[in-house]
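Shown next, in structure tokens, is the structure this report addresses.
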Amino acid sequence: MPARSLTLTLSRLRRTGGPQGPTLGEMNSHLADRSLPLTILVFGLFGAVPSPGLPTGLLFGSLVVILTMQMMFGATAPALPRFLRRRHVPRRALDAVLRRAVPTLRRMERLLRPRLPALSRGPFAVLSGLLLVTMGVLLALPIPFGNSAPGLSIVALSLGLVMRDGIGILAGWAVSLATTGAFIAILWGAGGLAAAVA
């Protein structure tokens, strides 16, 4: 996918769906002719935004895991289960996420370009896939305010894959590994606190 079309593609998501907001199926159809990493990037964006009272982490984390597994098994277009395709993304949430994300992604596009292509295929692609699955699982965990770090890790790594930029992919690996370490520390500390209280 040409770099110049990334933010334009995301901006056009505002036109999908009705007043209630697009369904995940409609969003998926809008992105299907682009790439799986772009769809993962978009769902990572939505997962990164804290939404108290709504299971957005569980929903979008699960979607990231499903789509990443498809990518790792060689799929070229995203496919969602029927029960997920029918779920709506509220119009207000869609507009809020895109309003924040598009300017930032536009600036990042200026820094990213195709380079170190070996990092986007073969065993390195497998590593990227495993990290995306891990971030999707962490995003789905019911940890208060725990959405942002794995969601942003998904965005960073999938953006490197979309742009076929090895430097961007390396940055995505670094952010993902740092996020994993932070979650392990949090869970370790929570376990120690529970043991002390008991």
Side-chain angles (χ1 to χ4, degrees), residues 3 6-7 10 35-52 54-72 96-98 100-195:
L6 173 57
T7 51
L10 295 181
S35 69
L36 264 167
L38 177 59
T39 310
I40 293 168
L41 187 158
V42 171
F43 290 152
L45 278 173
F46 281 91
V49 177
S51 301
L54 297 175
T56 54
L58 176 60
L59 173 61
F60 289 107
S62 300
L63 287 168
V64 167
V65 171
I66 291 170
L67 295 178
T68 302
M69 293 300 292
Q70 292 177 11
M71 182 177 69
M72 293 178 71
V97 170
L98 294 179
R100 297 175 188 175
V102 168
T104 301
L105 290 176
R106 186 177 290 117
R107 288 192 294 270
M108 294 179 71
E109 279 185 313
R110 300 190 185 113
L111 302 175
L112 300 174
R113 61 183 185 274
R115 51 189 166 179
L116 300 179
L119 294 179
S120 63
R121 55 178 182 259
F124 297 114
V126 173
L127 175 58
S128 295
L130 291 175
L131 287 172
L132 282 171
V133 168
T134 301
M135 293 302 101
V137 171
L138 293 180
L139 180 58
L141 292 177
I143 298 177
F145 305 104
N147 291 24
S148 296
L152 292 174
S153 299
I154 291 165
V155 171
L157 183 48
S158 55
L159 184 59
L161 292 171
V162 167
M163 305 300 288
R164 297 182 177 87
D165 187 340
I167 301 298
I169 291 171
L170 286 172
W173 290 353
V175 175
S176 299
L177 291 172
T179 298
T180 302
F183 266 73
I184 290 173
I186 291 170
L187 294 175
W188 185 278
L193 180 61

Mind listing the closest non-hydrogen atom pair of Val64 and Thr68 along with its distance?
O-OG1, 2.7 Å
More than 12 heavy atoms from other groups under 6.0 Å of CZ on Arg106
yes
Using 0.5 Å steps for rounding, measure from the CG atom of Leu139 to the CZ atom of Phe60.
9.0 Å
Just so I know, are the side chains of Met71 and Pro37 near enough to count as touching, which here means a heavy-atom distance under 4.5 Å?
yes
Approximate separation, where rounding is to 0.5 Å, of Arg110 CZ and Leu105 CG
11.5 Å
If you take all heavy atoms of Ala48 and Ser148, which pair is closest and at what distance?
O-OG, 3.2 Å
Does anything in residues 170-181 form a side chain to side chain donor-acceptor pair (under 3.5 Å)? List the pairs, not counting sequence neighbours.
Ser128-Trp173, Ser153-Thr179
Kindly indicate whether the side chain of Leu38, heavy atoms from C-beta on, has any atom under 4.5 Å from the side chain of Ser158.
no
Where is the tightest heavy-atom contact between Leu131 and Leu177, given as atom of each residue plus distance?
CD2-CD2, 4.0 Å
Nearest 0.5 angstrom please: Met69 CE to Leu132 CG, how far?
12.0 Å
Test item: Leu130 and Met72 side chains (from C-beta on) under 4.5 Å apart, heavy atoms
yes
Shortest non-hydrogen contact from Phe183 toward Pro150:
CE1-CD, 3.8 Å
So Leu41 and Ile154, do their side chains get closer than 4.5 Å, heavy atoms only?
no
About how many Å separate CG of Leu116 and CZ of Arg164, when rounded to the nearest 0.5 Å?
14.5 Å
Is there a donor-acceptor contact under 3.5 Å from the side chain of Asp165 to the main chain of Gly160?
no
Spacing of Leu119 atom CG and Leu161 atom CG [to the nearest 0.5 Å]:
10.0 Å
Side-chain touch Leu138/Leu141, heavy atoms, less than 4.5 angstrom
yes
Do the non-hydrogen side-chain atoms of Leu152 and Val175 ever get within less than 4.5 Å of each other?
no
Heavy-atom side-chain contact between Leu159 and Met163 under 4.5 Å
yes
Going from CG on Leu112 to CD1 on Ile167, what distance comes out if it is rounded to the nearest 0.5 angstrom?
10.0 Å
What closest approach, in Å, do Ser120 and Ala125 show between heavy atoms, and which atom pair accounts for it?
O-CB, 3.8 Å
